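Read the structure below first, then the notes.
Everything numeric in this text was worked out from a predicted model, so none of it was measured.
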Amino acid sequence: FVPPEEHIRASLARFVSDEAGHPSTRRRLLADDTNQGLALLEIAEQKFDTIVMNPPFGELSPEAKRRLTSTGVPKPLDAYAQFLYRASELLAEHGRVGALVSKTFLSHAEFEVTRRWLLSNVGAMRLMAELGTGVLDAAVEVAAVVLAPGVPGEMTFVDLTETLDKSERLRQLVATPDQQQVFHRRSEHFLGRAGAPLSYRLDSKVSAELAQANTVRDIAEGLWGLFTADDERFVRAWWEVAPASMETVWYPYAKGGAPQGFFAEPMLVVNWSGNGAEILSRRGDKGQVLARAPNKECFGQRGFTYSSISSSGLRVRPLNEGTIFSIKGPALFPRVGPDDWLPMLELLNSAEVSYLLSTLSVNRSAELNYALRISVPGGWRSHFSGDTARRLSSLGQWVASGSETSRYFSGYPIDRNIDNVVSPSTLDQLVTGLRDAGSAAYAQIGLSDTDTASFVFSRAHLPPSPPCDEHAIASYLVGCAFGR
């Protein structure tokens, strides 16, 4: 009743022993190869009580991806995720894995499978210390994780992102936990939300409420736009092209830019003649398509846009008719009626929305996948009037009209400093009204002003006042001399 593999292994071991001293060189070489094969089997079958590692980060080579795909391993095909999967398979019963890895698994959309695996009894993450930057020589934010596959229980999270001496502080927190930096959570805390982001700083009650709420995806359709693959060739500032070619060859191009809310004029134009024929027809050395325009049928439609590369939250502004949106400046097309567009603009610029984005994304990135997963409270419309959005949008356009580089330019340089037209108290009232509306809308979910304090909309998120000094006047006069 001995298992067949044991018979085979014993037979191979006898062959190695019997042939080791055989006079035939060929037989001895075969015995040596067999012995090495048996040693490899022993290593492959060995189980470990503890595995400690700092695996490589990043995308795998095409060949590695091909081989792993053929074996049916879980995604993503990222180096450190695959090391975690494999390490858990090599553990003995009640074994542990300790790893220093990139923190992208916390919320990145591509790592949802990894997160759900870590939250299951198979991956069984029991400890995670978010370390942030300054740990490795490479410019990467990292986290230390401990896995205990097959051992269910509560997870402990430690936030050391703002701590300089991380090792010493971690020792202190092990001895004396601090509720501001140490959090205990169960898997249910994360699994209820779309994408299962590991937003461990959220209170458990708040997380449960967010899991039941609608998301931005329910009130707006989010779309990526154009990627030219060669901006130097196809993108210009609007004043660099002939006026007659505007909206026949060159079209306004929303390409992200500064994180400005309520108003931001696209200063760039893109060559979209022939519906982008020249851009989309280009091929690489191996015939591969270079540019992408996944939603070009929606180019030119009215909606909202924002900069997806931002660390200050979600700052949304109107996307004007005739504008091409981009990968870095994606579009949001409201699913609500026209009367609700301005109230929705206020909602999306609220401190609460930006705070929730920070709990979903790595490095507070406003990538579209994260933005669409932000929770929206029921009855939000009753808290936002749209008046603040209307006034701040008009104010932004008025500021732009004082700049020669704006298409709203009034015709001569004029002082467009907001503080000279709108008193600080009036601007404060607008900002305070926006904050109060956001607080009231999200009160049912349990968010507090303390949570959202660092994301409050401010003067810094409006267009900067253009200069109106001797240089601006001289520039204007030179233009006049050359036929302005």
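- Under a cut-off of 6.0 angstrom, the local environment of CD in E297 is crowded, with over 12 non-hydrogen atoms contributed by other residues, nucleotides or ligands.
- Judged by distance alone, with hydrogens and angles left aside, the side-chain atoms of T432 form no donor-acceptor pair with the main-chain N or O of Q429 at under 3.5 Å.
- Looking at E278 and R233, a side-chain N of the basic residue comes within less than 4.0 Å of a carboxylate O on the acidic one, giving a salt bridge.
- Salt bridge present: E141 and K103 bring a charged side-chain N and a carboxylate O closer than 4.0 Å.
- Aromatic rings from Y408 and F263 are positioned such that their centres are separated by under 6.0 Å.
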Stepwise salt bridge (Lys or Arg N to Asp or Glu O under 4.0 Å) test for E112 and K75: CA-CA 9 Å; E112 181 178 348; K75 292 183 177 182; over 6 Å; no
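- In this structure, the ring of F157 has its center less than 6.0 angstrom from the ring center of F190.
- The residues R67 and E63 are annotated as salt-bridged, a charged nitrogen and a carboxylate oxygen being separated by less than 4.0 angstrom.
- Without hydrogens or angle criteria, S326 side chain to A254 main chain gives a donor-acceptor distance under 3.5 Å.
- Looking at E110 and R115, no side-chain N of the basic residue comes within less than 4.0 Å of a carboxylate O on the acidic one, giving no salt bridge.
- More than 12 heavy-atom neighbours from other residues, nucleotides or ligands sit within 6.0 angstrom of CZ on R116.
- Under 4.0 Å is where a charged nitrogen must lie from a carboxylate oxygen, and between D231 and K255 at least one such pair does.
- By the neighbour-count criterion of 12 heavy atoms within 6.0 Å, atom CD of E59 is sparsely surrounded, having that number or fewer from other residues, nucleotides or ligands.
- Panel note: side chain R283, backbone L280; a donor-acceptor pair is recorded below 3.5 Å.
- Side chain of R335 to backbone of R217: a donor-acceptor contact under 3.5 angstrom is found.
- In this structure, E321 places its CD atom where only 12 or fewer heavy-atom neighbours from other residues, nucleotides or ligands lie under 6.0 Å away.
- The aromatic rings of H108 and Y370 lie perpendicular to each other, with more than 60° between the two planes, well past the 30° mark.
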message: With side-chain hydrogen bond (donor to acceptor under 3.5 Å, both in side chains) as the criterion, how do Q397 and S406 come out once you've worked through the C-alpha distance, each side chain's angles and the decisive distance to 0.1 Å?
response: CA-CA 9 Å; Q397 184 173 325; S406 171; over 6 Å; no
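- Judged by distance alone, the side chain of E265 and the main-chain N or O of R407 form a donor-acceptor pair under 3.5 Å.
- Two rings, from F262 and F457, have their centers less than 6.0 Å apart.
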task: Carefully, step by step, assess R201 and E130 under the rule salt bridge (Lys or Arg N to Asp or Glu O under 4.0 Å).
output: CA-CA 11 Å; R201 297 179 189 86; E130 187 177 356; 2.8 Å; yes
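- If you look at F304 and W341, their ring centroids are closer than 6.0 Å.
- Summarising the local packing, CD of E162 is surrounded by 12 or fewer heavy atoms from other residues, nucleotides or ligands at distances under 6.0 Å.
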